[in-house]
Asks: 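Take a look at the following structure, please.
Given the structure is predicted, the values throughout are model-derived calculations rather than measurements.
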Amino acid sequence: MNDSLFFFELYFHPLPPPRFGETLHGANNPWHVWGFINRATIVPRCDECHMRTCRPTPHVLAVYLLIGATVRFGPHLVKFRQVTEPEGHALLRWAAARRSGRKKLIFTANMRLCATRALLGLLFLFDTSGCLRTAVRPDKGSVVTVSTPLPLAQCAVCTVSGVNDTQTSCHSSLTLVPEVEVKLLFNCSQPLELSYTVTISQTIECTKDTCSPTTVQTQPSILTEFSRTFSYDVKAPEKTVVSLDILGEGLVQTSRPCSDGFQYSVVTSTTNSGVPTEYCHGGSVTSLDLVSQAGVSLKVQPKARVESVLFKASAGPIKGRTMVITADSGVSVVVSRDPAEPECDVCTIDGSTPNCSPTVKRLSNVKKLTLEFGCPKPEDVYSVKVQRKMECTTSSCSPSVGAADPELFKDFKRSLIWDIGVPERTVVTLDFPGDGLREIYGAEKCLDGYQYSVSTTRSDGAIKTNSYCKGGTLSQLNHLLGPTTVAIEVPKGGDLDQTIFNVKAEPRGKSSRMMSVTPDPHTVIIISRVGSEPDCSVCVKTPKQTCNSKRLRISDPGHTSVEFTCPQPQDIFTVEINRQIDCTATACSGDIVQAESSLFPDFNRTFTWDLKVVATRTFQLDFPETGMRQIPKDETCPDKHTYSLVTYLRTGPADIGTFCREGTVTTILARYKGRVSLEVPADSKMNPVDFKLNVGPETSMLATINVNLPRGVSDTDFITANYPGSFPDNQQVQWNFTVPGMHNYTMKFHKHTAPECINNDVEVEYQKEDNKVTKVSLTDPQPQHQQGNFNMLLKNCETNTTLQGLSLKYSVSVMRSGHPVLCTVDLTKQQGVSLQIEKITSDPYCEMSIDSQVREKIIVAAGTKVSLSFLDCPNEDLRLTANKVIACQSVASCPATSLNVPKLDACLPMPLHSFTWHISIPEDDEDVSVGDFCFDGIIQKIQMHTNISITATARDFSKTSGPFLNVSFSQDIPETIIYRVIPRTSSPTLLATPNWPQGMKPSSTVSWIVDLPSQYQASIEFVNVSQPKCQDWHTGITVKMLGYERELLSRREDEGLEKTLLVPNSFYLNMSNCIPEEGHFGVMAKIILEKTSNSLPLILGIAGACLLLLIVLVIVCVILKKKKKGKMKKDSSIYLGKGNIFRPGDSHFTKTRADNNSHIYSSIDDTVVYGNLLNKAGYADNLPDHLKGIQVDAYHTFTGPTDGQLPVINEPELDTERDKLFLDPSDTFIPSRPRTPIDRQDSLGFQDRRMMDNELYTFKSTGDINTIQLIDADKRWQVSEDSL
């Protein structure tokens, strides 16, 4: 190569470059394209560049490049200049001076170019691994084939010919003619040694005794740069064997690549695609015996040195293989050949004449039978199937072992088969000793060649087959029902154990499952199969046994036995429990939709209720207060109880929705016919929603859904019927939303599809509580931040059913809109008053706070000032209670007190529910709950010895005025509690021991002071008495008249008690309890007032009263003259609505003291009642303000009636038709005290004047004022408490 100047032209052609190997010009033009697709196209340079006619110019090469490609020529500078050709092609020219020794032309686009020396005068090489030129001459009898698996655009092998090697022909595969030399050009973008393969094929033709050639040669020097395969096909007459003696090192059979790169392969037939036998160097195999159409090959790696002679070939008659076979009875042996394999007869020699077959031979019950094959290696063309039979009863199998002969046809590929006969209602179990099995699926094969299969014939005739390999954990196959076949495929030369498996049989009852069911009337049970494995049937006896492996229906309401033929049918079957509810003929309401949870508890169950009402009416489903939540159809509920509702239209069923418990949907109304379904998985505890069924009103709606939106912030999703499918044509659905107060709602349409309407349009209507209707479309803005309840109506049109229909998924967002209610509570001016505010509902959105601290319960301590806040708390959900503590250090310092309810801060939004006064006495920490009381009763006063809490409740405290009670304090009393009562003449009075009817506390006492009206006596009837067995002390019931020592009644628990006792005067009733050992002490007594009929005591009483009155009048007159002025200041006046005027000191009474009502007062001045205490120190300081200061005369002169009669003021009586129990039968007496003996100074009749300050003295009444009898002329009706 000289230092000449070479020119290269690069044409930027607007069209894609020609493909590699494509002829650029006409068919007679020898020039071909060199290069790479999408890289460059290289052609000879033409003086006249016309695409159809071209004359090449020597030493000039034209390169067509895609725009953007760059080229450099070695390390030298490449200079470009651009010119314009007349044809419009852009021409770039450059020149580069090259020195000798430069042999590379490098393109940065990773292109390689290999040119002939005749074309350029030198060889331009990109890379020696990518381009090779050589000359090849195959030997006689050898066929050389060169090929590449890569596409022609990437790799090619070309023949170079013509004057100055100017003609080329490139291909992906090229076959060379023996004894003809050819120049080859290899051009590839990949390394050559990996891109090409060379096959040198020869044929060994043999007669019955000779072969040609006798020595098998290789031509070792041919194309050593590539991987080569030397292949030899054998042709010989029938029953002739060709022996190839291996020259050199022996061979060994293998299944892996050979380490030295020399891989031998032998096929029994070149026309059959059988698996070849592979060999490597280093074994003991020195000869290969082949028959006609067999083949042997040697594959070597690139540049491997191959011996020139591999085999020495010889021919001779086939020497067949002879075997001696023994097959027991019950064993069937089939020896068969694939017709595609080389011919090889198999003959049985039993006598002088052989029995031969070219393809198959069946053997059974033979002993030492000679078997002769017509080929030296029959194991390469024949396979063997050994089949045995086993029969089972209901309890055993014969034989019980799946045995095999390990040496029988060991060199052959074997199939061992055992057919096991199984009677009805019998199952078998297979045990595989040794290594366990592993189940395989589909086309998976076992790598070691040992493959097991187990096939079972089911009751319906279907055959189920499972395949297994060795090396798993499965050692036993249980409960195989029906005839079973076990098979094992064994590879050539594979070892076998004598015992393949063990088989056991047992009655199906031990592996089946029985259960009894009793469906309710109108209930149908449907048992359906959902899995194909394993084999199992369900059977019932009604009375004949019926079995089915797919579906069984039970409609008999009586007792039914169900049998499954497998031990775990719950894995195979599901149960549907259906109930028909027809409300067209009879009314339907209430709890008629109940799930029968006791049936099939470990199965997947679906409870269905088919509902039907009159065609124009709806069926109404009312859900419990917790409601239901709609979910997509493909989801399940967290509690695994999933509900769905379907309604049936003339156009087909419509899926209203799928629901879970605890949601916002409270009621669903659907038209005419429908089905409610409840899906419950196996082993889930049945806990259905207790929903109610009723017949609803007439409607044109597909469905109406009532929704109670929750308080607080929430997003609730809803979807249309059949979602994501199409909503039914010409149908409408309505949602009725109840929005909580002080909340805003916003409608959000998330996904929707609009149909193509044929008639009418799709509409969305919103209706508020004021009946205002707003119509919008699916794409219009929806309501936002609005308040109040509303209805949403969705109407569909008549649609084009070939397109997507109407569907809608939307949500309703709710958030609070209210503002907190603020209140400042100041208790600094309310001495001892505290407040408590608590929720009476579980509303989680009610938020209460005190001084900005959120609390579930608010307590405002006495004497404090706090700021309260209430957010979204309805007044009816809150309860306000107030407490006041009244405590004193000593009895002397405890003033008389009126119990009033103070006025609370008006900003509190909730009303006062109750007010409690806690009255505390020093040195006594017991609390007693006396009971609940109402105004206008028979109880006048209650005395007790301990601390007390008084709670007042009212519907509206703002409508009450004045004190509720007056409270005073005194020294201790011996009884637990003392009541003072005045029975009414109009109705009986009931007295009951505390804690009735459970009984009094141990060692406690109770007393009633009963004041009888004038001219009445009391009949005491002991209605109910329960006596305990006393452990210590005794119970006691005592009745004694006031002022008398004699006891009218005194009984213990061990003494009899009269049922009725007549008491002529006011009395006291005392009851005391012991310490019971068992039982309890409780008494209920009834007091009935009876008018007295004896007039003599009345007359005597009147006479005595008149005499006494005269004496009193005389004394009064004398005193009036002396102390008239002082007397006027101390008396009180009485206003009488009718009758004459009378003044204190007036002795002119028309009736005796006992016969008139002059002693009945309409009001009493406390200063007179407590006058004896006015002079005591400290008393005036404890009086209310209106009683302090100078006392004035309370009498006023007025003109009254002149009819001469004094007014008669009767005591108010309740018109009660039944007995009244003045004590609530609750546990009213907590503390227990020992029984106290009663004597005169400690009895109920003795009254310490200080006791007046410890009396709950006056019960405020909203009715008439009770009259108080002050004095009586007749001692029989006049007994003072001082005399007790």
Asks: Apply side-chain hydrogen bond (donor to acceptor under 3.5 Å, both in side chains) to Gln217 and Ser308, showing your working.
Replies: CA-CA 5 Å; Gln217 298 181 352; Ser308 59; over 6 Å; no

Asks: Could you list the donor-acceptor pairs under 3.5 angstrom formed between side-chain atoms of residues 251-262 and any protein atom two or more places apart in sequence or on another chain?
Replies:
{"from": "Thr254", "atom 1": "OG1", "to": "Arg256", "atom 2": "N", "distance (Å)": "3.1"}
{"from": "Asp260", "atom 1": "OD1", "to": "Phe262", "atom 2": "N", "distance (Å)": "3.1"}
{"from": "Asp260", "atom 1": "OD2", "to": "His281", "atom 2": "ND1", "distance (Å)": "3.1"}

Asks: Is there a side-chain hydrogen bond (donor to acceptor under 3.5 Å, both in side chains) between Ser455 and Thr465 once you walk through the steps?
Replies: CA-CA 4 Å; Ser455 301; Thr465 302; 2.8 Å; yes

Asks: Does either side chain, that of Asp209 or that of Thr207, offer a donor lying less than 3.5 Å from an acceptor on the other one?
Replies: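 Short answer, yes.
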
Asks: Around atom CG of Asp139, are there more than 12 heavy atoms from other residues, nucleotides or ligands closer than 6.0 Å?
Replies: yes

Asks: Please check: side-chain N/O of Arg337 versus main-chain N/O of Pro358, any donor-acceptor pairing under 3.5 Å?
Replies: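 Side chain of Arg337 to backbone of Pro358: a pair is present.
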
Asks: Shortest non-hydrogen contact from Gln190 to Ser195?
Replies: CB-OG, 3.3 Å

Asks: Pairs in or reaching into residues 311-362: which pass ring pair (Phe, Tyr, Trp, His ring centres under 6.0 Å), with residues at least two apart or in two chains?
Replies: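 Output for this query is empty, none listed.
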
Asks: For Met323 and Phe409, which heavy atoms make the closest approach, and how far apart are they?
Replies: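 Result for this residue pair: CE-CD2, 3.9 Å.
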
Asks: Evaluate the side-chain contact (heavy atoms from CB on, under 4.5 Å) criterion for residues Leu310 and Tyr264: first the C-alpha distance (whole Å), next the side-chain angles of each, then the deciding distance (0.1 Å), finally the verdict.
Replies: CA-CA 11 Å; Leu310 294 180; Tyr264 290 84; 4.1 Å; yes

Asks: Of Thr175, Val182, Leu176, which is the lone residue that meets side chain to side chain contact (heavy atoms under 4.5 Å, CB included) with Val144?
Replies: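 Result for side chain to side chain contact (heavy atoms under 4.5 Å, CB included) with Val144: Leu176.
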
Asks: Do side-chain atoms of Ser292 reach the backbone of Ala236 as a donor and acceptor pair under 3.5 angstrom?
Replies: yes

Asks: Carefully, step by step, assess Asp448 and Lys470 under the rule salt bridge (Lys or Arg N to Asp or Glu O under 4.0 Å).
Replies: CA-CA 8 Å; Asp448 59 359; Lys470 288 184 177 180; 5.3 Å; no

Asks: Who are the salt bridge (charged side-chain N to carboxylate O under 4.0 Å, His left out) partners of Lys208, not counting sequence neighbours?
Replies: none

Asks: For Pro276 and Ser265, which heavy atoms make the closest approach, and how far apart are they?
Replies: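 It is CB-OG, 3.2 Å.
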
Asks: List for me each residue that meets ring-ring contact (aromatic ring centres under 6.0 Å, His included) alongside Tyr196, sequence neighbours excluded, and say none if there are none.
Replies: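 If we apply the ring-ring contact (aromatic ring centres under 6.0 Å, His included) test to Tyr196, skipping adjacent residues, the hits are Phe186, Phe226.
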
Asks: In sequence, state the C-alpha distance, the side-chain angles, and the governing distance for Ile417 and Arg388, and then conclude on side-chain contact (heavy atoms from CB on, under 4.5 Å).
Replies: CA-CA 6 Å; Ile417 301 173; Arg388 292 177 171 84; over 6 Å; no

Asks: Within a reach of under 6.0 Å around CD of Glu181, are more than 12 heavy atoms found that belong to other residues, nucleotides or ligands?
Replies: yes

Asks: Side chain to side chain donor-acceptor pair (under 3.5 Å): which pairs involve residues 226-236, sequence neighbours left out?
Replies: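 The answer is none; no pair qualifies.
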
Asks: Please check: side-chain N/O of Thr484 versus main-chain N/O of Gly482, any donor-acceptor pairing under 3.5 Å?
Replies: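 Side chain of Thr484 to backbone of Gly482, a donor-acceptor pair under 3.5 Å: yes, one is there.
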
Asks: Please list all pairs passing the salt bridge (charged side-chain N to carboxylate O under 4.0 Å, His left out) test where one or both residues lie in residues 399-417, with sequence neighbours left out.
Replies: Arg321-Asp411, Lys410-Asp495

Asks: Between Phe432 and Phe501, how do the two ring planes meet: parallel, tilted or perpendicular, split at 30° and 60°?
Replies: tilted

Asks: Answer yes or no: does atom CD of Glu343 have more than 12 heavy-atom neighbours from other residues, nucleotides or ligands under 6.0 Å?
Replies: no

Asks: Hey, does Val146 have a side-chain heavy atom less than 4.5 Å from the side chain of Leu223?
Replies: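 A side-chain contact exists here, since the closest heavy-atom pair is under 4.5 Å.
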
Asks: Could you walk me through whether Cys131 and Cys188 pass the disulfide bond (SG atoms under 2.5 Å apart) test, one step at a time?
Replies: CA-CA 6 Å; Cys131 186; Cys188 189; over 6 Å; no

Asks: Enumerate the residue pairs fulfilling disulfide bond (SG atoms under 2.5 Å apart) with a member in residues 302-346, sequence neighbours excluded, ordered by first and then second residue.
Replies: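 Sorted result for residues 302-346: Cys344-Cys375.
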
Asks: Lys492 vs Asp380, test: salt bridge (Lys or Arg N to Asp or Glu O under 4.0 Å). Steps then yes/no.
Replies: CA-CA 9 Å; Lys492 293 180 184 180; Asp380 294 339; 3.1 Å; yes

Asks: Please identify each residue that fulfils salt bridge (charged side-chain N to carboxylate O under 4.0 Å, His left out) with Lys445, with sequence neighbours left out.
Replies: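 By the salt bridge (charged side-chain N to carboxylate O under 4.0 Å, His left out) rule, Lys445 matches no residue at all.
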
Asks: Would the number of heavy atoms belonging to other residues, nucleotides or ligands and lying under 6.0 Å from CD of Glu238 be above 12?
Replies: no

Asks: Ignoring hydrogens and angles, tell me if any N or O in the side chain of Asp497 forms a donor-acceptor pair with the backbone of Thr499 under 3.5 Å.
Replies: no

Asks: Establish, from distance only, whether the side-chain atoms of Thr197 and Ser147 form a donor-acceptor pair under 3.5 Å.
Replies: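 Side chains of Thr197 and Ser147: pair found under 3.5 Å.
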
Asks: Can you name the residues that form a salt bridge (charged side-chain N to carboxylate O under 4.0 Å, His left out) with Arg438, not counting sequence neighbours?
Replies: Glu444

Asks: Taking only residues at least two apart or on different chains, which pairs with a member in residues 298-343 satisfy disulfide bond (SG atoms under 2.5 Å apart)?
Replies: none

Asks: Gln154 versus Leu152: any side-chain heavy-atom pair under 4.5 Å?
Replies: no

Asks: Grab the two heavy atoms, one from Ile246 and one from Val285, that are nearest each other, plus how far apart they are.
Replies: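 Looking at all heavy atoms of both residues, the closest pair is CD1-O, 3.4 Å.
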
Asks: Determine the minimum heavy-atom distance between Pro423 and Cys392, stating which atoms define it.
Replies: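 Looking at all heavy atoms of both residues, the shortest contact is CD-O, 3.1 Å.
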
Asks: If you count heavy atoms of other groups shown closer than 6.0 angstrom to NZ of Lys299, is the number above 12?
Replies: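 Check fails, neighbour count at 12 or below.
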
Asks: Give the intermediate values and the outcome of side-chain contact (heavy atoms from CB on, under 4.5 Å) for residues Leu477 and Tyr468.
Replies: CA-CA 11 Å; Leu477 298 178; Tyr468 306 89; 3.7 Å; yes

Asks: Can you see which heavy atom on Gln202 is nearest to which on Ser142, and at what distance?
Replies: NE2-OG, 3.4 Å

Asks: Could you give all pairs that pass the ring pair (Phe, Tyr, Trp, His ring centres under 6.0 Å) test and reach residues 323-374, with sequence neighbours left out?
Replies: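 Those involving residues 323-374 are Phe373-Tyr382, Phe373-Phe412.
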
Asks: Looking at Thr218 and Glu307, would you say the former's side chain and the latter's main chain have a donor-acceptor pair under 3.5 Å?
Replies: yes

Asks: Step by step, would you call Val360 with Val334 a side-chain contact (heavy atoms from CB on, under 4.5 Å)?
Replies: CA-CA 7 Å; Val360 63; Val334 179; 3.8 Å; yes

Asks: Name all residues meeting the salt bridge (charged side-chain N to carboxylate O under 4.0 Å, His left out) criterion together with Asp289; count only those two or more places apart in sequence or in a different chain, and write none if there are none.
Replies: none

Asks: Could you please spell out the steps behind the side-chain hydrogen bond (donor to acceptor under 3.5 Å, both in side chains) verdict for Glu341 and Thr268?
Replies: CA-CA 7 Å; Glu341 296 288 347; Thr268 58; 3.1 Å; yes

Asks: Any donor-acceptor pair under 3.5 Å linking the side-chain atoms of Ser398 with those of Glu391?
Replies: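 Not at all, the side chains of Glu391 and Ser398 share no donor-acceptor pair under 3.5 Å.
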
Asks: Going through the checks in order, is the side-chain hydrogen bond (donor to acceptor under 3.5 Å, both in side chains) test met by Ser364 and Ser332?
Replies: CA-CA 5 Å; Ser364 179; Ser332 174; 5.4 Å; no

